[in-house]
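Reading through the structure tokens given below for one structure.
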Amino acid sequence: MLEVIQLSKKYGSTLAVDKVSFRVPDGRVGILLGPNGAGKSTVIKSIAGLLRFEGSIRIQGLSSRDMEAKRSFAYVPEIPSMYEALTVREHMEFIKRAYGLNVGDQETERLLERFELLDKQDKLGNELSKGMMQKVSICCALLVSPKVILLDEPMVGLDPAAIKELKQVVRELRDNGSTVLISTHMLEMVKELWDVTFVMDKGNILGTYTREEVGDEDLEELFFQVTGSGKEEDRVE
């Protein structure tokens, strides 16, 4: 379970996020939805431990700052960052050692094969395209067998086969009881995956909606209804 409790963040005198609270239970897929400047990135970076903030974030009932919580959490950033001098396979080995994972070569190769990276495992980080780096980030996150995983615009830059595979991975994580939070503007990519959606704007959560409540209502139209936005420049793509 992921719990965000009264999260606030200021940049100088600017309040970017104002006492935001939400939770995604075990075995559910949450979507964080909002226009540019809504505060989504601040929330995501706070959950990932990249920003100082006021309030609290709990992972599986533990403070997100707790080392045990960190071991059960994985993060796939929007813009992947890789070590230029490490190969794809060495990135996987680095994650194993950093987390103290008892994961064999067979599992590593299974993930690499699943995302069509097995023949790229000896390529260096600076030799990879953005899409390949995104796949490596996903594989590294899945090595952890996370109880909570945060995916920030995970499908940007992926080819159709990788998008299909990632959707299946999300379903498997949910079915295995993991908590998944996806921040995205590519609503068509997640319309069959989401269980709960948090609509955010101007640093606040304006509405929380479950699939049970709204059925198959279009997420984009729901966003417009909640935010009162309809201008072309504000549309969520």
- Item | Thr208 and Thr197, any side-chain heavy atoms less than 4.5 Å apart | no
- Message: I'd like to check Val170 versus Leu151 (side-chain heavy atoms, cut-off strictly below 4.5 Å). Are they in contact?
- Response: yes
- Query: What is the distance from atom CG of Leu173 to atom OG of Ser178, rounded to the nearest 0.5 Å?
  - Reply: 5.0 Å
- Is Leu51 reachable from Val17 through a run of I, L, V, M, F, W or Y residues, each pair having side-chain heavy atoms under 4.5 Å apart? no
- Query: Is atom CG of Leu50 surrounded by more than 12 heavy atoms (other residues, nucleotides or ligands) closer than 6.0 Å?
  - Reply: yes
- Counting only heavy atoms not in Lys202, do more than 12 fall under 6.0 Å of its NZ? no
- Message: Check whether Gln134 reaches the backbone of Pro154 with its side chain - one donor and one acceptor, N or O, closer than 3.5 Å.
- Response: yes
- Message: For the CD atom on Glu192, are there more than 12 heavy atoms of other groups (residues, nucleotides or ligands in this structure) within a distance under 6.0 Å?
- Response: yes
- Leu124-Ile95 co-clustered via ILVMFWY side chain contacts under 4.5 Å: no
- Message: Test side-chain contact (heavy atoms from CB on, under 4.5 Å) on Asp152 and Lys45; report intermediate values, then the result.
- Response: CA-CA 10 Å; Asp152 187 8; Lys45 290 176 181 177; over 6 Å; no
- Please step through side-chain contact (heavy atoms from CB on, under 4.5 Å) for the pair Glu78 and Ile44, ending with a clear verdict. CA-CA 10 Å; Glu78 178 181 5; Ile44 291 163; over 6 Å; no
- What's the spacing between Trp194 CH2 and Ile182 CD1 if we round to 0.5 Å? 12.5 Å
- Message: I'd like to know if the side chain of Ser8 reaches the main chain of Lys19, judged simply by a donor and an acceptor atom lying under 3.5 Å from each other, with no hydrogens or angles considered.
- Response: yes
- Message: Which heavy atom of Phe198 sits nearest to which heavy atom of Arg23, and what is that distance?
- Response: CZ-O, 3.4 Å
- Task: Answer yes or no: does atom CD of Gln168 have more than 12 heavy-atom neighbours from other residues, nucleotides or ligands under 6.0 Å?
- Result: yes
- Task: Would you sort out whether Asp159 and Lys135 count as a side-chain contact (heavy atoms from CB on, under 4.5 Å), showing the intermediate values?
- Result: CA-CA 10 Å; Asp159 57 74; Lys135 291 182 188 180; 3.1 Å; yes
- Query: Is there a side-chain contact between Arg58 and Ile5 (heavy atoms, below 4.5 Å)?
  - Reply: yes
- Query: So which heavy atom on Leu101 is nearest to which on Leu143, and how close?
  - Reply: CD1-O, 3.6 Å
- In Å, rounded to the nearest 0.5 Å, how long is the span from CE of Met200 to CG of Leu206? 9.0 Å
- Query: Which pair of heavy atoms, one from Asn204 and one from Asp18, lies closest together, and at what distance?
  - Reply: OD1-O, 3.4 Å
- Message: Can you tell me how far apart CD (Glu153) and OG (Ser183) are? Round to the nearest 0.5 Å.
- Response: 5.5 Å
- Linking I/L/V/M/F/W/Y whenever their side-chain heavy atoms sit closer than 4.5 Å, directly or via other members, would Ile163 and Leu166 fall into one cluster? yes
- Message: Ignoring hydrogens, what is the shortest heavy-atom contact between Pro35 and Asp201? Give both atom names and the distance.
- Response: CG-OD1, 3.4 Å
- Message: Can you confirm whether Lys167 sits close enough to Met155 that some side-chain heavy atom of one is under 4.5 Å from a side-chain heavy atom of the other?
- Response: yes
- Query: Would you say the side chain of Thr42 lies within less than 4.5 Å of the side chain of Tyr11, judging by non-hydrogen atoms?
  - Reply: yes
- Evaluate whether atom CG of Asp119 has more than 12 neighbouring non-hydrogen atoms of other residues, nucleotides or ligands under 6.0 angstrom away. yes
- Item | Candidate pair Ile205 and Leu32, rule side-chain contact (heavy atoms from CB on, under 4.5 Å), full reasoning | CA-CA 9 Å; Ile205 298 292; Leu32 186 60; 4.2 Å; yes
- Going from OG1 on Thr87 to CG on Leu128, what distance comes out if it is rounded to the nearest 0.5 angstrom? 9.5 Å
- Query: Is Ile138 reachable from Phe94 through a run of hydrophobic residues whose side-chain heavy atoms are each under 4.5 Å from the next?
  - Reply: yes
- Task: Assess whether atom CD of Glu113 is packed by more than 12 heavy atoms of other residues, nucleotides or ligands within 6.0 Å.
- Result: no
- Would you find more than 12 non-hydrogen atoms of other residues, nucleotides or ligands less than 6.0 Å from Glu213 atom CD? yes
- Query: Is the closest side-chain heavy-atom distance between Leu181 and Phe22 below 4.5 Å?
  - Reply: yes
- Query: Shortest non-hydrogen contact from Ala69 to Ser64?
  - Reply: CB-CA, 4.3 Å
- Task: May I ask you to test the Arg171-Leu193 pair for a side-chain heavy-atom distance under 4.5 Å?
- Result: yes
- Inspect the contact between Glu116 and Lys164 and indicate whether a charged nitrogen and a carboxylate oxygen are less than 4.0 angstrom apart. no
- To the nearest 0.5 Å, tell me how far Leu118 CG sits from Arg110 CZ. 12.5 Å
- Item | Close side-chain approach of Val180 to Val24, heavy-atom, < 4.5 Å | no
- Query: Val214, Val29: one ILVMFWY side-chain cluster at the under-4.5 Å cut-off?
  - Reply: yes
- Lys147 bridged to Glu68 by N-O distance under 4.0 Å: no
- Message: Does the structure place the NZ or CZ of Arg65 under 6.0 Å from the centre of the six-membered ring of Phe53, at an angle of no more than 45° from the ring's axis?
- Response: yes
- Item | Under the salt bridge (charged side-chain N to carboxylate O under 4.0 Å, His left out) test, residues paired with Arg89 that sit two or more places apart | Glu93, Asp105, Glu109
- Query: Checking Lys9 side chain against Arg52 main chain: does a donor-acceptor pair fall under 3.5 Å?
  - Reply: yes
- Looking only at non-hydrogen atoms, find the nearest pair between Pro80 and Met133 and report the distance. CG-CB, 3.7 Å
- For Glu165, which residues count as a salt bridge (charged side-chain N to carboxylate O under 4.0 Å, His left out) partner, sequence neighbours excluded? Arg114
